[in-house]
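Nothing fancy with the numbering, it's 1 onward along the sequence. When a ligand or atom number is given, it counts from 1 through the structure's own listing order.
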Amino acid sequence: MTASRINHPPADAEWIHDMESEDQPLMTDVFGSLTFTGDVMLKRLSEDVYKKLQQTMQQGLPLDPAIANTVAEAMKEWALEHGCTHYCHWFQPLTGSTAEKHDAFLSPDGNGRAIARFSGEQLIRGEPDASSFPSGGIRDTYEARGYTAWDATSPAFILRTGGHSTLCIPTAFVSWTGEALDKKTPLLRSIHAVSKHAMRILQIFGTDKGVSQVITTLGSEQEYFLIDEEFFNRRPDLQICGRTVIGAPSPKGHQLDDHYFGAIPERVMAFMSEVERRLYELGVPVMTRHNEVAPGQYEIAPFFENANVATDHQMLMMHILRSCAPHHGLACLLHEKPFAGINGSGKHNNWSLATDTGVNLLDPQEETHTNMQFLVFVAAVLRAVDLHADLIRAAVASAGNDHRLGMNEAPPAIISVFLGDMLNDILDQLERGETTSTKKGGKLDLGARTLPQIPRHSSDRNRTSPFAFTGNKFEVRTVGASASVAWPNTVLNTIVAESLDFMAGELQKKAGEDPTPQKLETVVKTVLKEVVQRHRRVVFDGDSYDPKWHEEAKKRGLPHLRTTVDALAALKTTEALNLFAKYGVLDNRELRARVDVLQEQYNTTVGIEARTMFSLINKHVLPAAVRSQTELAESVAATQAVGVECDATRAQLQERVEMITELLAATEAGREAEAHTVSSADRQGEHIRDKLVPAMARARAAADALEMVTPDDLWTLPTYTEMLFMR
Ligand code: ADP
Ligand code: MG
C-alpha cells in the first residue's frame, strides 16, 4: 500500500471493501492515522529509540529522557507534513474537561528569520499558568507556576479544528510544588498501585513468568442525545446548563420501547459515521453504535484499551461528538439528564485487569471452580466494593448525576454487585468449604429447525445493577455521561489495590514461604471463604429498581447516598485520606483539594441552573402565561358582553390566575433560596440540597403545568415533543 493511499483514503465504501479483500487491513490503513504510534513511529525513529519508547509505552518502564530530542524532532517533522504550525500540551485539569495551550513551532534563528523548532525539553515539559485552574486551595491566585509533563504512554495526535491542525501531546498537570492538579496523574498512580499488588497475587500462583506489569483495561460505552441544532439554539437552559431546567413531558416518552436498537435515522447515521471516521484517525477504536432507550438517545462504544489511553480517548470521543454535531444541523447533549422524566445518559465503565502479556485476569475460564487465581481476583473486587461502596458512589457524584442515581432510574445510588448464577453457585460452594463444579450455560434450542442451536451464557444479564460482572469484566454503570472516566477509575483502582494488598498479605501469611500446591489451595480456599462470608452482603442479583431492595439493602447495612452532598462526605473521612495516601495515589492535601473542587462545582452548577430557571420563567413562561390569561379574560368579557354565559371559560381563567400566582410565589421562594449564601462550601452544599433543589422542583412544577395549558402560538420555547421527536 502506498503512503498516499494511507494518508488520503478515498471516501467511497467500495474502496474499503477492496481493501478488506486484501490481507486483513489495519483500520489506520483504511482511514488514515493522525496518531504518533505504530508504523508512524517505526518509520521515523531509529530502532534503538523506538525500542526505548516502546518499553515505556508497553511495559511501563521509566522514560529515558535522552531520547526526548529525537522523538521531538520526529514528531515535529510528522506534524509539519500534516499541516500543523502549532503544538500543545493537552491535559485534564480538575474542571473535568481538557485544556490546551498552543505554541508555534517557530523559533528565531538569530539572523532575523524563523525556523521550525521543537526540542526534547518542549516535548517533556510545558509551563502553563496554573492560577486559573481549580486547585482546591492548593495554589493561591498569585502562585501561578504549574507544569505539564509528557505522558509517553498515551500517543500524541493531531487534532483538526476549524480547518487547522495542531499536534497534541497528552500530558500530566502538576503544580510547582509537585502536587497533582489534574485527573491523569492520580489515575496513573492508581494503575501502578493495582499493578504492584496484582503482581504479588500472580507471584503467589506462579503465573508471573514474563509478566512485567498488570494493566487496568477500560472500555466505556457513551450514551448521548441528539437534537436539532435550531431547538438547541432557542433553549438557553440547554446552552448554559446542558439540560432543560423546565419543560412539560411529551405525551410519548420511551414507554413503547420502539426507539431502542431501532433503525438509525439518516441524519444521525451521517453524523455517526463522521464521528467514527474522525475517531479512527485519532486512534480511538470505536466499535458499536445504536439507538438507546429514550427517543433521541444514542450510544457509541469503543473496543477496550489500557485505562490511561482509554481515558484520553474518552475525552477525545466527547470532544468529537460535540464538535461534529453542528456539521449535521444537530446538537449533541452529553448531560446526565437533559430531559426530566426521560431516561438519562451514563457511561458504562467496563473494567478489568490483564497482564501485559494479554491474559485477562477476570476471565473465569471453563472450569471456574478450579480457577483459584480468578476467584481471588473476583473476591478482592467484591471485598473492595463492600468496604468502599461509599467511595464508588462519591467517585461519580455530580449535580448532573444526582438526577440519575437516587432517582427512579438505573442505576440506583445503592452500590451492589451482580455476579450471576454461575459465580453465585461457586460462592455457595466456597462458603461450604469445597468447590466441585461449574454451572454451564449449555445450548439454546430455538425450536425452529432452520435456526442454529446457539451456546448460552452461564448467567443472564442484569440491566439494573450498578456494578455487574458481565462475563469477563465488571461493568460499572454509575458513571455520568458527561464525566471524565479518570476519577471513577482512580477510585476503583485504589480500593482494588488495597484489597489485592490485603489478599496477598493473607495468602502469604497463611501459606508461608514456598508452599506445596496442596497447601496453597487449602489456604486460598480458607481465605476465600472468609472474604466471601464477610462481604457477600454486597452481592445482589435482583431488580435494583425495586423499592423492596432499598429496604433489604438498609437491613444489610449498605449505604444509600442519594445526593452529591451526602456522597462527597465519604471522601473526607480519615479512612479515605489514609487509603489514598497509603497507595500513593493522592496525599491528604491533594485529596482534600479534589473534594473541595467537586463541592464547589456542585454548588456553582446548581446555582447557575437556578438562575437560568428563574430567568426562563420570567422571560418566557410568565409572559406567555399572562398573554394567555389576557386572551381568556377578553374571551370571557366578549362572550358575556353579547349576553352568553361562559362558566367553563371563566373557570379556566380562574384556574390560570391561580397557576400564575403559584408560579410567582414559587419563583420568589426559589430566588430567596438561591440568594442565600453560607460561609463554607460544605454548608452551602447542604443548603442547596435541602432548600434550593426542592424550591427549584416546586417552580418547575408550576412552570410545566402552565406549559401544558398555554396555546402553542404563545409558547416561545421548543417543547419536549419537538426536541425529542424531530429527527
Ligand atoms: P455489552 O456490555 O453491551 O455486552 P460488550 O460486552 O461487547 O458489550 O462490551 C462492552 C464494552 O466492554 C466494550 O467497550 C468492550 O470493549 C469492553 N470490554 C470487553 N472486554 C473488556 C475487558 N476485558 N476489559 C475492559 N473492557 C472490556
Ligand atoms: Mg454494556
Using a strict threshold of under 4.0 Å (side-chain N to carboxylate O), is an ion pair present between R477 and E475? yes

Determine, for R200 against D208, whether the closest basic-nitrogen to carboxylate-oxygen distance falls under 4.0 angstrom. no

Need the ligand 1 atom indices (1-based, order shown) with element for anything under 4.0 Å from a heavy-atom of [X].
| X | result |
| --- | --- |
| F303 | 16 (O) |
| T217 | 22 (C), 23 (N), 24 (N), 25 (C) |
| N360 | 23 (N) |

Ligand 1-proximal atoms of [X], by part, heavy-atom distance under 4.0 Å:
| X | answer |
| --- | --- |
| E221 | side chain |
| E475 | side chain |
| N350 | both |

So which heavy atom on D182 is nearest to which on T171, and how close? OD2-O, 4.3 Å

Output for pair (L419 CG, L382 CG), nearest 0.5 Å, gives 5.0 Å

Pairs touching residues 341-358 that satisfy salt bridge (charged side-chain N to carboxylate O under 4.0 Å, His left out), sequence neighbours left out: none

Is the closest heavy-atom distance from T470 to ligand 1 below 4.0 Å? no

